[in-house]
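To find a chain, count down the sequence lines: A is the first, B the second, and so on, and within it residues start at 1.
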Amino acid sequence: MLTIMKYETIRQRLSKFIMLGLLAVLEVVFLIGLYGQLDKPMGYAIVGLTFLAIFSFMYVSVESILNYNQDLSKKSGYMLFMTPHSVYEILGAKIIHNILTIILTALVFGLVAFLDIMLILLKYDSIQYFLDQIQQILNEFADLNISTASIVSTVVLMVILWISTVAIAFLAITLTYTFLHAVPAKGLISFGIFLALNFAYSWVSNHLLDALPNAYMPRTLGAAALTAVVAALCLWLDGWMLTRKLAL
Amino acid sequence: MLESTHVTKRYGGKAADDDLTFTIKPGHIYGLLGPNGSGKSTWMKIASGLIVPDQGQITLDGVKVGKQTKAHTVYMATEDFFYPYMKIRDVERYYRDFFSDFDTEKFRTLLAELNFDEKMKVTSLSSGMMAKLKIAVTMSRRARVYLLDEPFNGIDLLARDAVVKTIIESLTDDCAVIISSHLIEELEKIVDTCIFLKDGRLILSGEIEEIRQSQGCSLIELYKKLYA
């Protein structure tokens, strides 16, 4: 599985190089603006970095889904499916790779944002004011009972939600190239199936979470359990369809 | 070695392969013959573990084809299948990473013989060069079974000769090569056993010399007789 993940990284490296290149350029502009007392370039760089972070996060999230679509639609799919791995290992490796890539992207942009904010604070005299503001915000969080556990819980829930979305997207794509292979509007139909399954997942998830005690741990565990079931079911169906119905 | 037992595969109600039963033995080069739609590629994909039959099974040394046997069989598709980002050295790395039986030294020797530069991008190769690269990387695995799907498609005479030479030189006593092709003249030069398929069914099989003697004609004449 690690080898599959390695080659997923290699296949997706161009987009990462472009993102890192743009990040480096914008960061240089930001630093020139900051230390050259040039407000306009610094402002543009901050806006650019914000948009780049949002776009990168969105693109990285869907890139493995696009790659999976290519694996089933193009002849290069042989390269993947001829390897001595089961379809379950292949799909599992793809999903794990996707999650790790998203986390890494979030860490890179989060770290850059943190460092840039620190540089601004160090540069300007109002550092104490900013630190006070942050302290006040943290205090407000404390008043609202927003604890570290709640933040961790929210992040875990977001990751869980994304795993289910990827699993459902993989299922819709697999359907497109197996049972719907000869259907003219197969892309549209599978997209409709993707939306319907996501809606169904959200509906069940909301009802399940409402039925659970209003505390972070049971809600997170409940969502994790539901996602594990949905992802396992999707993967099982993917594997079954790929082995039985896929015509590479 | 490779046993195909009552293998049947249907697509949309039509049988691509229909009750195919035969045995592939080591030390031989097999020709899998038949016109388009006769079930050659489907059988090869089943034998390589890429698709699963609806009925019947194929076993390699008694092991049902699947994840385990993929490590000992190699399927070469007729289409170009390398990832577009790849240079020839990336192809080598990919096969080395995934297949423990990949012989890097042999691959590099073949690259030199076939006048390849490892820095060449696969997307820049002509169809003849692509065919030679595919056969070089495929035959550089020390596999038990080589499944070559239409290896002569779309390539000129010189490239065909290079492909044929590579195949013949790679054959050992413990492996089998199965080649599907419409180009009977090319196949007749290298295969020693033939399997004729028609509409997914096995209609004739045996060693070429026996078939020639029993049928009283060449392979090309027999092909015309069977499929005309």
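By the 30° and 60° cut-offs, the orientation of the rings of A:F55 relative to A:Y59 is parallel.
Considering CD1 of A:I168 and CG of A:L195, their distance stands at 10.5 Å, rounded to 0.5 Å. Rounding to the nearest 0.5 Å gives a distance of 11.0 Å between CD1 of B:I24 and CG of B:L60. Within the model, atoms OG1 of A:T176 and CG of A:L72 stand 8.5 Å from one another, a figure rounded to the nearest 0.5 Å. For the atom pair OH of A:Y44 and CG of A:L26, the computed distance is 13.5 Å after rounding to the nearest 0.5 Å.
Inspection of non-hydrogen atoms places no residue of residues 100-113 of chain A under 4.5 Å from chain B.
Taking all atoms of both residues into account, the shortest heavy-atom contact from A:G92 to A:M1 is C-CE, 3.7 Å. The shortest non-hydrogen separation linking B:A47 to B:L2 is CB-CD2, 4.3 Å. The two residues B:P151 and B:L148 come nearest to each other via the heavy atoms CD-O, 3.7 Å. Contact record, B:V177 with B:M139: CG2-CE, 4.3 Å, taken as the closest heavy-atom pair. Heavy atoms only, all atoms of each residue included: A:A231 and A:A167 are closest at CA-CB, 3.9 Å.
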Derivation and outcome, side-chain hydrogen bond (donor to acceptor under 3.5 Å, both in side chains), residues A:T165 and A:Y201
CA-CA 9 Å; A:T165 307; A:Y201 171 80; over 6 Å; no
No hydrogens needed, just list the donor-acceptor pairs between chain A and chain B under 3.5 Å.
{"from": "A:K6", "atom 1": "NZ", "to": "B:D97", "atom 2": "OD2", "distance (Å)": "2.6"}
{"from": "A:Y7", "atom 1": "OH", "to": "B:R93", "atom 2": "O", "distance (Å)": "3.3"}
{"from": "A:Y7", "atom 1": "OH", "to": "B:Y94", "atom 2": "N", "distance (Å)": "3.3"}
{"from": "A:Y7", "atom 1": "OH", "to": "B:D97", "atom 2": "OD2", "distance (Å)": "2.7"}
{"from": "A:Y78", "atom 1": "OH", "to": "B:K45", "atom 2": "NZ", "distance (Å)": "3.2"}
{"from": "A:M79", "atom 1": "O", "to": "B:Y94", "atom 2": "OH", "distance (Å)": "2.6"}
{"from": "A:F81", "atom 1": "O", "to": "B:K70", "atom 2": "NZ", "distance (Å)": "2.7"}
{"from": "A:H85", "atom 1": "O", "to": "B:K70", "atom 2": "NZ", "distance (Å)": "3.4"}
{"from": "A:E89", "atom 1": "OE2", "to": "B:K67", "atom 2": "NZ", "distance (Å)": "2.8"}
{"from": "A:T243", "atom 1": "O", "to": "B:V52", "atom 2": "N", "distance (Å)": "3.3"}
{"from": "A:R244", "atom 1": "O", "to": "B:K9", "atom 2": "NZ", "distance (Å)": "2.8"}
{"from": "A:L248", "atom 1": "O", "to": "B:K45", "atom 2": "NZ", "distance (Å)": "2.6"}

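For the options A:V87, A:L242, A:I10, heavy-atom pairs under 4.5 Å to chain B are most numerous at A:I10.
For a residue to count as touching a neighbouring chain, one of its non-hydrogen atoms must lie under 4.5 Å from one of that chain's; by this rule B:F82 touches chain A with backbone and side chain alike. Heavy atoms of A:L80 lying under 4.5 Å from chain B belong to its backbone as well as its side chain.
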